[in-house]
Visitor: 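Let me begin by handing over the structure; questions about it come next.
Chain A is the first sequence line, chain B the second, and so forth, proteins listed ahead of strands; every chain is numbered from 1. Predicted model, so just to flag it, every value in this text is computed and none were measured. Quick note: numbers below take in every heavy atom, side chains included, and nothing from hydrogens, waters or symmetry partners.
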Number of protein chains: 2
Amino acid sequence: MPRPRTTTILDVARDAGVSRQTVTRALNDMPGIAPATRDRVVAAARALGYRPNRAAQSLVKGAGTTVGLLVESLRNPYYSELASELSRAAAARGWGLILCDVGYGSDRDARLSPLLRRVDALVGCLPAGATADVDVPFVAIDNPDETVGDATVWIDHEVGVRAALQHLVATGRRHVAMIDSGPEPSTRCLAYRAFLAEAGLAWSERSEVRVEESHDGGIAAAVELLDRDLAMDAVLAFNDVLAVGAMKGMAQAGRRVPDDVAVVGMDGLDLGGLVTPELTTAATDRGVIATAALELVDALLVGGEERPGGPAESAGRSEAPGPPETSAAARPRRTIVPHLVVRASA
Amino acid sequence: MPRPRTTTILDVARDAGVSRQTVTRALNDMPGIAPATRDRVVAAARALGYRPNRAAQSLVKGAGTTVGLLVESLRNPYYSELASELSRAAAARGWGLILCDVGYGSDRDARLSPLLRRVDALVGCLPAGATADVDVPFVAIDNPDETVGDATVWIDHEVGVRAALQHLVATGRRHVAMIDSGPEPSTRCLAYRAFLAEAGLAWSERSEVRVEESHDGGIAAAVELLDRDLAMDAVLAFNDVLAVGAMKGMAQAGRRVPDDVAVVGMDGLDLGGLVTPELTTAATDRGVIATAALELVDALLVGGEERPGGPAESAGRSEAPGPPETSAAARPRRTIVPHLVVRASA
DNA sequence: TTGAAAGCGTTACCAA
DNA sequence: TTGGTAACGCTTTCAA
């Protein structure tokens with residue numbers, strides 16, 4: 001089935017009465033062409049509504065790298081901040097970044113498939129149960145399931161949890177509850193338990209509540225914890241979104257934050273600075289995460305081309321003055337560990 | 001300069017001892033191939049680390065449409081919500097969406113150029129003074145400068161402003177200040193003045209403050225308005241981000257919201273529901289905006305191919321079961337007007 | 001200053 | 001079930 005014919009360079013050449021090479025020269029501002037000829041060609045191109053075929057250009061010039069970003073929802077500020085940094089990091093390398101907001105619905109595959117044909121690699125936080133049968137290199141970001149993906153950017157949440165709890169203890173809190181998320185106790189939750197034990201602080205199963213990872217989940221968690229009627233002067237949340245939800249839940253229940261209960265989150269989202277009072281949080285540097293992720297992609301891509309012979313030159317043909325190519329492709333599956341800093345804003 | 005050689009289908013064919021057509025059949029799960037042959041080919045491909053060249057595939061199969069999204073920063077929740085909707089709308093059409101967070105720095109062109117070679121059209125809120133010399137179709141979204149772009153999605157903010165003010169009046173407010181943004185009084189600001197005049201409410205130049213469009217701008221605006229020591233029981237903000245900033249500014253100054261001063265925003269961002277108290281706002285439907293924008297892109301793309309002869313068949317060759325092609329390409333520059341709804345959440 | 005010819009890597013069509 | 005041939009639209013030599 002022949003595709004609908006589009007205007008090609010040959011049509012322009014015909015109309016302008018020149019050869020197609022001349023058209024190329026005229027349209028790409030190349031030297032060695034008479035101004036009059038150029039004008040004639042440009043006019044013809046405009047009249048025909050000519051638009052170069054990108055695929056053909058890519059084929060002959062080298063495609064350049066394009067990576068896809070997979071997120072559950074850009075409405076989650078964690079993902080939007082990550083996307084912002086990835087966009088910046090991609091631009092620095094001259095790469096393209098295709099966005100895929102897979103959403104929470106059942107149409108994941110439909111949203112995903114347009115992506116897969118366009119990217120050289122995938123980066124992101126693979127949603128639970130997402131199709132793992134993609135055949136492009138995949139770099140997971142902070143995925144608790146380490147078996148997912150060809151490489152992983154791993155965040156040392158234990159450091160963050162300890163910093164956050166240290167802060168709470170230093171400000172006189174002694175009864176810290178935790179809002180966790182996910183089916184199993186998270187790494188953060190385990191670190192929380194360990195810290196409490198080491199510090200000799202009280203802990204019981206009732207100190208922990210497990211909710212859906214969302215603002216509403218945070219509200220529900222606060223309500224639930226208050227219902228339990230336990231000694232509690234602080235709450236550590238799995239992340240900032242939950243923490244902000246918990247703040248709202250506390251407020252709705254008539255508790256004052258931080259006077260009655262302190263709330264600390266994790267991530268260091270901008271959001272924490274927008275609410276009142278401002279959220280205390282253990283922050284990660286998403287710029288570092290983004291850069292690390294693309295570095296892994298680069299290594300993966302180079303590695304993929306390396307098999308045939310000696311060390312390949314470069315995968316992405318960095319078009320922009322990006323960072324020097326550190327093709328440490330010897331270890332295809334690497335783990336990066338950005339460190340955490342507590343930002344105390346309350 | 002010859003590009004570094006990559007593994008092609010021919011290499012696989014050679015290693016597997018078949019022709020390249022057979023390789024294509026094997027790798028694309030096409031019928032009419034012996035299982036044994038397929039296995040041999042697949043094995044050879046894997047051994048070579050073969051990865052199909054997307055540009056070549058696109059060239060022969062038809063590229064499919066890819067649009068670029070231009071935003072100042074995805075950290076601005078307005079843009080991230082818009083991006084989320086655009087991603088969804090693009091996926092529904094089988095289109096790709098390349099993200100470009102141009103940022104506020106001076107490296108805009110550097111961030112933009114990797115994008116321009118990859119997209120068929122651009123959508124977005126062109127930052128002030130951004131390079132308008134892009135030669136791909138551009139659909140502006142709610143850009144106050146209507147001369148920008150080949151088509152525009154226009155939002156009727158006057159409706160929103162009136163709805164918001166009506167709400168304030170209905171709840172007993174009489175002295176409404178306005179936080180505006182931009183060098184000149186915005187459409188929203190003019191609507192605000194008009195409404196006040198019609199309603200017989202007090203207005204003076206001191207009722208308005210003009211700040212940078214950011215959270216900090218909102219804080220500064222609140223401080224400034226309070227400093228002016230005018231009768232004020234409500235504030236209308238240019239958008240939600242400013243409104244939330246104003247809420248924080250009020251809180252920092254010891255004012256209670258909404259008891260002392262009510263604050264209403266515009267946009268209807270999720271953010272408004274996260275803060276305490278929740279923000280009252282005049283909401284737009286960004287899903288509608290996103291759909292409208294891509295519809296305009298489609299019209300522009302079809303229009304571009306239409307000149308030569310009769311009505312073209314289709315621009316994007318919709319790969320997914322997207323909406324029916326309403327190629328109303330007769331009017332290339334169209335203006336869409338989503339309506340607004342007040343969401344009173346306080 | 002211009003034009004002819006040779007690819008780029010893949011898929012589609014038809015014959016073997 | 002397989003292979004040969006012909007596009008796809010463009011840029012890049014190399015000659016004229």
Visitor: Using atom CZ of B:Arg20 as one end and atom P of C:dG7 as the other, report the distance to the nearest whole Å.
Guide: 13 Å
Visitor: Using whole Å, report how far CE of A:Met30 lies from C1' of C:dG3.
Guide: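 Taking CE of A:Met30 and C1' of C:dG3, I get 14 Å after rounding.
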Visitor: Please determine if B:Asp101 and A:Arg88 form a salt bridge, counting it only when a charged side-chain N lies under 4.0 Å from a carboxylate O.
Guide: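 Not counted as a salt bridge, because no side-chain N and carboxylate O are separated by less than 4.0 Å.
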Visitor: Which residues in residues 21-28 of chain A have at least one heavy atom lying under 4.0 Å from any atom of DNA chain C?
Guide: A:Gln21, A:Thr22, A:Arg25
Visitor: Report the distance from atom CG of A:Leu10 to atom P of D:dA7, rounded to the nearest whole Å.
Guide: 13 Å
Visitor: Send over the distance from B:Arg54 CZ to C:dT11 P, rounded to a whole Å.
Guide: 13 Å
Visitor: What verdict does the side-chain contact (heavy atoms from CB on, under 4.5 Å) test give for A:Ile141 and A:Val123, after you've listed the backbone C-alpha separation in whole Å, the side-chain angles of each residue and the deciding distance to 0.1 Å?
Guide: CA-CA 7 Å; A:Ile141 293 182; A:Val123 158; 3.5 Å; yes
Visitor: Using a cut-off of strictly less than 4.0 Å, decide whether A:Ser19 has a side-chain nitrogen or oxygen near OP1 or OP2 of C:dG3.
Guide: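 Checking A:Ser19 against C:dG3: at least one side-chain N or O falls below 4.0 Å of OP1 or OP2.
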Visitor: Both B:Pro35 and B:Ala56 contact DNA chain D. Which one's nearest nucleotide lies toward the 5' end?
Guide: B:Pro35
Visitor: Charged N to carboxylate O below 4.0 Å: is that the case for B:Glu85 and B:Arg286?
Guide: no
Visitor: Answer with yes or no whether the side chains of A:Arg51 and A:Thr7 bring together a donor and an acceptor at under 3.5 Å.
Guide: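 Distance-only check fails for A:Thr7 and A:Arg51.
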Visitor: Quick one: B:Arg40 CZ to D:dT2 C1', roughly how many Å, whole number?
Guide: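 That distance rounds to 11 Å.
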Visitor: Roughly, in whole Å, what's the span from CD1 in B:Ile33 to P in C:dA12?
Guide: 15 Å
Visitor: Under the criterion side chain to side chain contact (heavy atoms under 4.5 Å, CB included), which of B:Leu122, B:Asp298, B:Val297 is the partner of B:Val139?
Guide: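 Exactly one candidate clears the test, B:Val297.
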Visitor: What is the distance, rounded to the nearest whole Å, between atom CD of B:Gln57 and atom P of D:dC8?
Guide: 18 Å
Visitor: With a 4.0 Å limit, can you tell me whether A:Thr37 has a side-chain N or O closer than that to the phosphate oxygens OP1/OP2 of C:dT2?
Guide: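 Looking at the OP1 and OP2 atoms of C:dT2, one of them is under 4.0 Å from a side-chain N or O of A:Thr37.
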Visitor: Do B:Ile9 and B:Thr24 have side chains that get closer than 4.5 Å, going by heavy atoms?
Guide: yes
Visitor: Can you measure B:Asn53 atom CG to C:dT11 atom P for me and round it to whole angstrom units?
Guide: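 My rounded result for the distance is 10 Å.
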Visitor: Could you check which of D:dT1, D:dC10, C:dG9 has an atom nearest any side-chain atom of B:Ala34?
Guide: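 Selected nucleotide: D:dT1.
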Visitor: Taking it one step at a time, do A:Thr22 and A:Arg38 satisfy side-chain contact (heavy atoms from CB on, under 4.5 Å)?
Guide: CA-CA 8 Å; A:Thr22 301; A:Arg38 183 206 314 281; over 6 Å; no
